[in-house]
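A quick write-up on the structure given underneath.
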Amino acid sequence: MADIFIYPVLFFVSTPFFIHHLGTEQFGIWMLVNTVVVSMQVFNFGIGSSVLKNTALYIGRQETDAKARIVNSAIIITMLLFVLSVAVGVSGFFLISHSDIFSISSAYRPVCARCFFLATLIVAIKFFEQIFTGYFKALEQYKIAAVLGSGNRLLGLALNIVLLVFARPSIEEILLVIIAVNSVFIVIALMLFRKSLPRYSFRFNFKIPRHESSFALISWFQSLALILTFQSDRYFILSYFGLVTLGYYALVATMFNHIHMGFSAIVPWLSPKFTKLHAQDINGIELYRIAERIVTVFSAAALIVLYLAYPFLFRWLFDADTASHILPYMKCFILFEIFF
């Protein structure tokens, strides 16, 4: 839960700083980039969750070779996804720069096009990250998974804050810093993986057992539904209300996306345990019921506290103009999250 909550809390607290240094239009572009990064997870095909589940299964069965094979298959698929992401980035660049696809003003169209392409590169790199975070979660080595998942985001955020203070970088340069940091962390992840599984050697083999691919497909359909639910509205906002409104709306939407991930974090934490119990023919229903109760009680209590606190918190964090734009969205999102 700390892995999920630390970055969004720091990002939200630093938002007034970003709005001040970037301006409302460029902050809207920044939120568009975040939307693209999340939306393109539709192409992840459930690889991260498949690595987590199947690695835990093979650990429970003590099948070391199968554990190496599932990671190898994930790396091969992710290489193809990398190429696909770059192709989407190039296509999006030309669509945005040469058409009126999101009704972006001509003054900001070129920078939006370049940022869209850079955002797809970030996504392409993050596809590799999900393999290694899934692998170490299956091993229940959550500290390593947290460093790989949140460490790169926190370092990228910190470096960009420093750059904005001292160097006044463009938004493209900010994204290049994120790409560089993510690339370094992927190299670190690969080194830690090789240390954990020294017998592993890469093989270009497309043969994937049916039970592995079917689980990945089911997981992908679930994430696809969530992504469409949480991201499609932002493109409507951009098309009909513009970059400035998108910046404010997407800020609140992103916050609630992370809140929901935080509420759901208990189950992924327990999922390797469930899989290992299944591999050993032990019923895990009581463990599931405990997790269910914790999620329900914690999320309800947290949303009540948020409902009572957000008017005072937002007016303290933001200037009056920014707060007036953000506050109207909060009640709607709290209501949505209660039902969800």
Side-chain angles (χ1 to χ4, degrees), residues 7-8 10-40 88-89 91-123 153 156-179 230-258 314-315 317-330 332-333:
Y7 174 79
L10 292 178
F11 176 80
F12 187 72
V13 170
S14 64
T15 294
F17 173 85
F18 276 90
I19 295 174
H20 174 72
H21 283 81
L22 293 174
T24 52
E25 287 82 5
Q26 286 210 87
F27 182 74
I29 296 172
W30 173 249
M31 294 312 298
L32 172 63
V33 166
N34 281 273
T35 299
V36 171
V37 169
V38 176
S39 299
M40 283 191 63
V88 170
S91 302
F93 173 84
F94 285 106
L95 274 173
I96 293 172
S97 58
H98 294 90
S99 69
D100 196 23
I101 185 171
F102 293 127
S103 302
I104 299 169
S105 65
S106 56
Y108 289 100
R109 211 173 288 166
V111 65
C112 279
R114 292 192 294 270
C115 288
F116 182 92
F117 175 73
L118 292 174
T120 59
L121 289 182
I122 293 172
V123 173
R153 290 182 292 167
L157 180 66
L159 288 175
N160 280 322
I161 289 173
V162 172
L163 284 173
L164 282 168
V165 171
F166 295 105
R168 296 280 183 172
S170 66
I171 195 163
E172 294 102 313
E173 290 169 333
I174 288 174
L175 295 176
L176 286 171
V177 168
I178 294 173
I179 290 170
F230 275 109
Q231 303 301 317
S232 58
D233 52 348
R234 304 187 194 196
Y235 295 104
F236 288 110
I237 295 291
L238 174 61
S239 299
Y240 291 102
F241 298 97
L243 281 168
V244 174
T245 304
L246 173 70
Y248 295 127
Y249 179 88
L251 175 62
V252 180
T254 301
M255 180 178 72
F256 273 87
N257 186 31
H258 284 286
F314 280 36
R315 289 191 177 97
L317 277 174
F318 300 103
D319 59 73
D321 182 59
T322 302
S324 67
H325 284 92
I326 294 175
L327 287 173
Y329 301 127
M330 286 297 296
C332 297
F333 271 99

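On a predicted model such as this, the values are computed, not experimentally measured, just so you know.
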Let me confirm one number: the [atom1]-[atom2] distance from [X] to [Y], rounded to the nearest 0.5 Å.
X	Y	atom1	atom2	answer
I29	C115	CD1	SG	6.0 Å
S91	F117	OG	CZ	10.5 Å
L163	H21	CG	NE2	11.5 Å
L238	C112	CG	SG	7.5 Å
S99	R109	OG	CZ	7.0 Å
I19	Y248	CD1	OH	5.5 Å

So [Y] and [X], do their side chains get closer than 4.5 Å, heavy atoms only?
X	Y	value
H325	L251	no
F116	T120	yes
F93	L118	no
F256	M330	yes

Margin query: Counting only heavy atoms not in F241 (residues, nucleotides, ligands), do more than 12 fall under 6.0 Å from its CZ?
Written below: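 Count not over threshold, so no.
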Notebook entry, point to check: When the ring planes of F318 and F314 are compared, do they come out parallel, tilted or perpendicular, using 30° and 60° as the limits?
Noted result: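 Plane angle over 60°, so perpendicular.
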Next item on the list: Assert yes or no for the condition that the ring centre distance of F27 to F18 is strictly below 6.0 Å.
Entry: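 Ring-ring flag for F27/F18: false, centres at least 6.0 Å apart.
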Extract all donor-acceptor atom pairs below 3.5 Å that involve side chains of residues 166-176 and protein atoms in other chains or at least two apart in sequence.
from	atom 1	to	atom 2	distance (Å)
S170	OG	E172	OE1	3.4
S170	OG	E173	N	3.3
E172	OE2	R114	NE	2.7
E172	OE2	R114	NH2	2.8
E173	OE1	S170	N	2.8

Notebook entry, point to check: Which is it for R315 and L327 under the side-chain contact (heavy atoms from CB on, under 4.5 Å) test, yes or no, and what are the steps along the way?
Noted result: CA-CA 9 Å; R315 289 191 177 97; L327 287 173; 3.7 Å; yes
Item checked: Qualifying residues under side chain to side chain donor-acceptor pair (under 3.5 Å), relative to T322, sequence neighbours excluded ->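 T322 satisfies side chain to side chain donor-acceptor pair (under 3.5 Å) with D319 once adjacent residues are dropped.
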Margin query: Can you list everything that forms a side chain to side chain donor-acceptor pair (under 3.5 Å) with Y249? Sequence neighbours excluded, please.
Written below: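 Y249 satisfies side chain to side chain donor-acceptor pair (under 3.5 Å) with D233 once adjacent residues are dropped.
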Check: So, for A323 and P328, which heavy atoms are closest and what is the spacing to 0.1 Å?
Finding: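 Closest heavy-atom pair between A323 and P328: O-CD, 4.5 Å.
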Next item on the list: Looking only at non-hydrogen atoms, find the nearest pair between L157 and S14 and report the distance.
Entry: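 Distance-wise, the nearest heavy atoms are CD1-OG, 4.1 Å.
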Does [X] use its side chain to pair, donor to acceptor, with the backbone of [Y] at less than 3.5 Å?
X	Y	value
N257	A253	no
H20	P16	no
S324	D321	yes

Next item on the list: Give the intermediate values and the outcome of side-chain contact (heavy atoms from CB on, under 4.5 Å) for residues L22 and L164.
Entry: CA-CA 9 Å; L22 293 174; L164 282 168; 4.2 Å; yes
